[in-house]
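Note that the structure is predicted; figures quoted are calculated from it, not measured. For the numbers below, each heavy atom of this structure counts, side chains included, while hydrogens, waters and symmetry mates do not.
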Amino acid sequence: MPEVIFNGPEGRLEGRYHHSKAENAPIALILHPHPQHGGTMNNKVVYNLYHAFARRGFSVLRFNFRGVGRSQGAFDNGQGELSDAASALDWMQSLNANADQCWVAGFSFGAWIGMQLLMRRPEIAGFVSVAPPANIYDFTFLAPCPSSGLIVHGTGDEIVPGAAVQKLATKLQSQKNITVEYRPVDGANHFFNNHLEPMVAVVDDYVGRSLGRK
(Lines give C-alpha, C1' and ligand atoms only; values in the text may rest on other atoms or scores of the structure.)
Protein backbone atom coordinates (compact mmCIF):
# COMPACT_ATOMS: atom_id res chain seq x y z
CA MET A 1 0.00 0.00 0.00
CA PRO A 2 2.61 2.54 -1.10
CA GLU A 3 2.19 6.23 -0.43
CA VAL A 4 1.95 8.31 -3.60
CA ILE A 5 2.06 12.03 -4.33
CA PHE A 6 0.64 13.36 -7.59
CA ASN A 7 -0.18 16.76 -9.00
CA GLY A 8 -3.64 18.20 -8.52
CA PRO A 9 -5.18 21.50 -9.62
CA GLU A 10 -4.04 23.28 -6.43
CA GLY A 11 -0.76 21.49 -5.80
CA ARG A 12 0.27 18.09 -4.56
CA LEU A 13 -2.28 15.47 -3.56
CA GLU A 14 -1.47 12.61 -1.19
CA GLY A 15 -2.76 9.12 -1.77
CA ARG A 16 -2.39 5.38 -1.24
CA TYR A 17 -2.19 3.21 -4.32
CA HIS A 18 -2.39 -0.53 -4.88
CA HIS A 19 -1.26 -1.78 -8.28
CA SER A 20 -2.79 -5.06 -9.39
CA LYS A 21 -0.51 -7.84 -10.59
CA ALA A 22 -3.05 -8.80 -13.25
CA GLU A 23 -2.52 -7.55 -16.78
CA ASN A 24 -5.03 -4.91 -17.95
CA ALA A 25 -6.65 -4.99 -14.50
CA PRO A 26 -9.67 -2.74 -13.86
CA ILE A 27 -9.11 0.44 -11.89
CA ALA A 28 -11.11 1.97 -9.03
CA LEU A 29 -10.98 5.42 -7.42
CA ILE A 30 -12.21 5.71 -3.81
CA LEU A 31 -13.42 9.10 -2.49
CA HIS A 32 -13.59 10.08 1.18
CA PRO A 33 -16.27 11.90 3.22
CA HIS A 34 -16.53 15.62 4.01
CA PRO A 35 -13.14 17.24 4.73
CA GLN A 36 -14.65 19.70 7.20
CA HIS A 37 -16.23 16.93 9.25
CA GLY A 38 -13.11 14.84 9.74
CA GLY A 39 -13.22 13.00 6.42
CA THR A 40 -9.91 11.59 5.15
CA MET A 41 -8.71 8.75 2.96
CA ASN A 42 -8.13 6.77 6.18
CA ASN A 43 -11.81 6.79 7.09
CA LYS A 44 -12.81 3.21 7.94
CA VAL A 45 -15.46 2.96 5.22
CA VAL A 46 -13.02 4.30 2.59
CA TYR A 47 -10.25 2.00 3.83
CA ASN A 48 -12.52 -1.02 3.62
CA LEU A 49 -13.80 -0.10 0.15
CA TYR A 50 -10.19 0.27 -1.02
CA HIS A 51 -9.30 -3.22 0.15
CA ALA A 52 -12.52 -4.74 -1.19
CA PHE A 53 -11.63 -3.58 -4.70
CA ALA A 54 -7.99 -4.63 -4.27
CA ARG A 55 -9.10 -8.16 -3.31
CA ARG A 56 -11.16 -8.27 -6.51
CA GLY A 57 -8.02 -7.65 -8.59
CA PHE A 58 -8.39 -3.91 -9.18
CA SER A 59 -5.64 -1.33 -9.18
CA VAL A 60 -7.03 1.05 -6.55
CA LEU A 61 -6.34 4.62 -5.46
CA ARG A 62 -7.65 6.48 -2.44
CA PHE A 63 -6.42 10.00 -1.76
CA ASN A 64 -6.92 13.07 0.39
CA PHE A 65 -8.85 15.95 -1.13
CA ARG A 66 -7.19 19.38 -1.11
CA GLY A 67 -6.39 20.68 2.34
CA VAL A 68 -6.59 17.26 3.99
CA GLY A 69 -3.48 15.57 5.41
CA ARG A 70 -0.53 16.37 3.19
CA SER A 71 -2.67 17.41 0.22
CA GLN A 72 -2.20 21.06 -0.68
CA GLY A 73 -4.94 23.64 -1.15
CA ALA A 74 -8.09 24.49 0.79
CA PHE A 75 -11.64 23.16 0.92
CA ASP A 76 -13.66 24.35 -2.08
CA ASN A 77 -17.27 23.29 -1.38
CA GLY A 78 -17.17 20.42 -3.85
CA GLN A 79 -16.08 22.13 -7.07
CA GLY A 80 -12.37 21.89 -6.34
CA GLU A 81 -12.78 18.43 -4.86
CA LEU A 82 -14.37 17.27 -8.13
CA SER A 83 -11.33 18.63 -9.97
CA ASP A 84 -9.09 16.76 -7.51
CA ALA A 85 -10.96 13.53 -8.25
CA ALA A 86 -10.56 14.09 -12.00
CA SER A 87 -6.81 14.62 -11.52
CA ALA A 88 -6.61 11.46 -9.42
CA LEU A 89 -8.34 9.48 -12.16
CA ASP A 90 -5.99 10.97 -14.76
CA TRP A 91 -3.00 9.93 -12.66
CA MET A 92 -4.27 6.39 -12.26
CA GLN A 93 -5.10 6.08 -15.95
CA SER A 94 -1.56 7.17 -16.83
CA LEU A 95 -0.33 4.06 -15.00
CA ASN A 96 -3.07 1.79 -16.34
CA ALA A 97 -3.55 2.82 -19.96
CA ASN A 98 -5.05 -0.56 -20.89
CA ALA A 99 -7.34 -1.06 -17.90
CA ASP A 100 -10.38 -3.02 -19.02
CA GLN A 101 -12.79 -1.16 -16.70
CA CYS A 102 -12.93 2.01 -14.62
CA TRP A 103 -14.98 2.35 -11.42
CA VAL A 104 -15.56 5.08 -8.86
CA ALA A 105 -16.66 4.53 -5.26
CA GLY A 106 -17.40 7.14 -2.64
CA PHE A 107 -18.71 7.48 0.89
CA SER A 108 -21.08 10.29 1.92
CA PHE A 109 -19.63 13.57 0.51
CA GLY A 110 -17.32 11.35 -1.55
CA ALA A 111 -20.36 9.61 -3.05
CA TRP A 112 -21.70 12.99 -4.22
CA ILE A 113 -18.34 13.86 -5.80
CA GLY A 114 -18.11 10.40 -7.34
CA MET A 115 -21.49 10.67 -9.00
CA GLN A 116 -20.52 14.05 -10.48
CA LEU A 117 -17.29 12.53 -11.81
CA LEU A 118 -19.39 9.78 -13.37
CA MET A 119 -21.22 12.41 -15.43
CA ARG A 120 -17.98 13.94 -16.67
CA ARG A 121 -16.04 10.80 -17.48
CA PRO A 122 -17.76 8.41 -19.91
CA GLU A 123 -15.10 5.76 -19.35
CA ILE A 124 -16.45 5.08 -15.84
CA ALA A 125 -18.33 1.80 -16.19
CA GLY A 126 -19.54 1.25 -12.63
CA PHE A 127 -20.07 3.03 -9.34
CA VAL A 128 -20.55 2.32 -5.66
CA SER A 129 -22.22 5.05 -3.57
CA VAL A 130 -22.20 4.43 0.17
CA ALA A 131 -24.59 6.63 2.19
CA PRO A 132 -25.02 9.28 -0.54
CA PRO A 133 -26.18 12.47 1.23
CA ALA A 134 -29.31 12.91 -0.88
CA ASN A 135 -30.92 15.14 1.76
CA ILE A 136 -27.97 17.57 1.79
CA TYR A 137 -26.77 17.80 -1.81
CA ASP A 138 -28.58 18.01 -5.12
CA PHE A 139 -28.32 14.83 -7.19
CA THR A 140 -30.61 15.98 -10.01
CA PHE A 141 -27.57 16.23 -12.31
CA LEU A 142 -27.95 12.45 -12.75
CA ALA A 143 -30.26 12.94 -15.70
CA PRO A 144 -29.69 10.45 -17.05
CA CYS A 145 -27.22 8.46 -14.96
CA PRO A 146 -24.75 7.04 -17.50
CA SER A 147 -23.60 3.89 -15.67
CA SER A 148 -24.93 1.02 -13.64
CA GLY A 149 -24.01 0.87 -9.99
CA LEU A 150 -24.75 0.14 -6.35
CA ILE A 151 -26.19 2.35 -3.61
CA VAL A 152 -25.61 1.15 -0.03
CA HIS A 153 -27.28 2.76 2.97
CA GLY A 154 -27.59 1.99 6.67
CA THR A 155 -31.13 1.65 7.98
CA GLY A 156 -30.03 3.40 11.19
CA ASP A 157 -28.37 6.36 9.45
CA GLU A 158 -28.83 9.37 11.73
CA ILE A 159 -27.49 11.91 9.20
CA VAL A 160 -29.07 10.90 5.90
CA PRO A 161 -32.68 9.66 6.14
CA GLY A 162 -33.36 6.40 4.37
CA ALA A 163 -36.32 7.92 2.55
CA ALA A 164 -34.04 10.42 0.76
CA VAL A 165 -31.68 7.69 -0.45
CA GLN A 166 -34.57 5.41 -1.41
CA LYS A 167 -36.07 8.23 -3.48
CA LEU A 168 -32.74 8.75 -5.29
CA ALA A 169 -32.35 5.03 -5.91
CA THR A 170 -35.92 4.68 -7.21
CA LYS A 171 -35.37 7.57 -9.62
CA LEU A 172 -32.17 6.02 -10.98
CA GLN A 173 -33.74 2.56 -11.19
CA SER A 174 -36.39 3.92 -13.55
CA GLN A 175 -33.82 4.96 -16.15
CA LYS A 176 -33.27 2.87 -19.24
CA ASN A 177 -30.10 1.01 -20.24
CA ILE A 178 -28.61 0.93 -16.73
CA THR A 179 -29.25 -1.10 -13.58
CA VAL A 180 -28.92 0.46 -10.14
CA GLU A 181 -29.12 -1.76 -7.07
CA TYR A 182 -30.20 -0.38 -3.70
CA ARG A 183 -28.99 -2.42 -0.74
CA PRO A 184 -29.82 -1.38 2.84
CA VAL A 185 -27.61 -2.60 5.70
CA ASP A 186 -29.82 -3.39 8.69
CA GLY A 187 -29.05 -1.34 11.79
CA ALA A 188 -26.03 0.47 10.38
CA ASN A 189 -25.53 4.14 11.23
CA HIS A 190 -24.03 6.69 8.83
CA PHE A 191 -20.47 5.56 9.53
CA PHE A 192 -21.31 1.83 9.59
CA ASN A 193 -19.88 1.48 13.09
CA ASN A 194 -19.98 -2.24 13.97
CA HIS A 195 -21.45 -2.87 10.50
CA LEU A 196 -18.39 -2.60 8.26
CA GLU A 197 -18.33 -6.31 7.48
CA PRO A 198 -21.91 -6.52 6.12
CA MET A 199 -21.33 -3.30 4.14
CA VAL A 200 -18.18 -4.76 2.57
CA ALA A 201 -19.98 -8.04 1.87
CA VAL A 202 -22.68 -6.17 -0.07
CA VAL A 203 -20.07 -4.28 -2.11
CA ASP A 204 -17.96 -7.37 -2.73
CA ASP A 205 -20.99 -9.33 -3.91
CA TYR A 206 -22.01 -6.57 -6.32
CA VAL A 207 -18.52 -6.05 -7.75
CA GLY A 208 -17.99 -9.78 -8.14
CA ARG A 209 -21.27 -10.21 -10.03
CA SER A 210 -20.50 -7.18 -12.21
CA LEU A 211 -17.15 -8.72 -13.17
CA GLY A 212 -18.82 -12.03 -13.93
CA ARG A 213 -17.36 -13.71 -10.87
CA LYS A 214 -18.79 -14.88 -7.57
Side-chain angles (χ1 to χ4, degrees), residues 17-32 43-62 85 89 92-93 96 98-108 110-119 121-132 134 139 142 144-155 157 160 162 165-188 190-192 194-214:
Y17 175 66
H18 164 81
H19 191 74
S20 174
K21 295 177 181 177
E23 191 174 354
N24 303 333
I27 60 175
L29 177 65
I30 318 296
L31 303 174
H32 72 70
N43 168 273
K44 289 182 179 179
V45 172
V46 172
Y47 179 87
N48 278 273
L49 288 172
Y50 175 93
H51 285 284
F53 276 96
R55 285 192 299 270
R56 281 292 183 181
F58 283 70
S59 290
V60 197
L61 173 68
R62 70 185 202 270
L89 186 55
M92 197 162 39
Q93 287 176 324
N96 299 273
N98 297 314
D100 64 2
Q101 283 191 38
C102 175
W103 286 57
V104 63
F107 168 45
S108 196
W112 180 57
I113 298 295
M115 298 300 272
Q116 292 179 75
L117 188 66
L118 189 72
M119 296 298 292
R121 302 295 285 261
E123 69 270 29
I124 297 175
F127 70 85
V128 173
S129 283
V130 178
F139 281 80
L142 292 166
C145 180
S147 302
S148 296
L150 170 70
I151 296 175
V152 185
H153 193 253
T155 62
D157 194 318
V160 181
V165 181
Q166 178 75 69
K167 183 178 178 182
L168 171 63
T170 300
K171 178 185 173 185
L172 298 182
Q173 287 168 339
S174 70
Q175 296 183 9
K176 296 179 180 178
N177 303 318
I178 64 163
T179 302
V180 175
E181 290 192 19
Y182 174 67
R183 299 282 297 276
V185 176
D186 285 343
H190 188 67
F191 296 97
F192 293 85
N194 303 315
H195 290 80
L196 287 168
E197 284 189 16
M199 182 275 293
V200 169
V202 166
V203 172
D204 182 67
D205 171 70
Y206 178 80
V207 174
R209 284 186 288 110
S210 298
L211 295 174
R213 307 170 196 153
K214 291 186 179 179

With no hydrogens and no angle check, is any side-chain donor or acceptor of [X] less than 3.5 Å from a backbone partner on [Y]?
X	Y	answer
Ser20	Gly57	yes
Tyr182	Thr170	no
Thr155	Gly187	yes
Gln93	Cys102	no
Asn96	Ala99	no

For [X] versus [Y], what's the shortest heavy-atom pair and its separation?
X	Y	answer
Phe192	Ala131	CE1-CB, 4.3 Å
Leu89	Glu123	CD2-OE2, 4.0 Å
Ala85	Ile113	CB-CG2, 4.1 Å
Tyr50	His18	OH-N, 3.1 Å
Leu118	Cys145	CD2-SG, 3.9 Å
Val165	Pro132	CG2-O, 3.6 Å

query: Hey, are the side chains of Ile30 and Tyr47 touching, using non-hydrogen atoms and a 4.5 Å cut-off?
result: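 No - every pair of side-chain heavy atoms lies 4.5 Å or more apart.
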- Task: Would you mind reporting whether Leu172 and Met115 have side-chain heavy atoms less than 4.5 Å apart?
- Result: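 Answer yes - side chains close enough.
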Give, for atom [atom1] of [X] and atom [atom2] of [Y], the distance between the pair rounded to the nearest 0.5 Å.
X	Y	atom1	atom2	value
Asp204	Asn48	CG	CG	11.5 Å
Phe58	Leu211	CZ	CG	4.5 Å
Ser210	Asp205	OG	CG	9.0 Å
Arg121	Ile124	CZ	CD1	7.0 Å
Leu61	Ile27	CG	CD1	9.5 Å
Asn98	Glu23	CG	CD	8.0 Å

Note to self: Before we go on, tell me: are the rings of Phe107 and His190 under 6.0 Å apart, centre to centre?
What the structure shows: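 Aromatic pair counts; centres sit under 6.0 Å.
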Assess whether side chain to side chain contact (heavy atoms under 4.5 Å, CB included) is satisfied between Arg55 and Val200, documenting all intermediate values.
CA-CA 11 Å; Arg55 285 192 299 270; Val200 169; 3.5 Å; yes
* Asked: Just wondering, more than 12 heavy atoms not from Gln173 lying within 6.0 Å of its CD?
  ->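 For Gln173, atom CD is crowded (more than 12 foreign heavy atoms under 6.0 Å).
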Discussion item. If you apply the rule side chain to side chain contact (heavy atoms under 4.5 Å, CB included), what do you find for Val180 with Phe127, and how did you get there?
Written reply: CA-CA 9 Å; Val180 175; Phe127 70 85; 4.1 Å; yes
Take Tyr17 and Ser59, measure what side chain to side chain contact (heavy atoms under 4.5 Å, CB included) needs, and give me the verdict at the end.
-> CA-CA 7 Å; Tyr17 175 66; Ser59 290; 3.6 Å; yes
Next item on the list: Carefully, step by step, assess His195 and Asp186 under the rule side chain to side chain contact (heavy atoms under 4.5 Å, CB included).
Entry: CA-CA 9 Å; His195 290 80; Asp186 285 343; over 6 Å; no
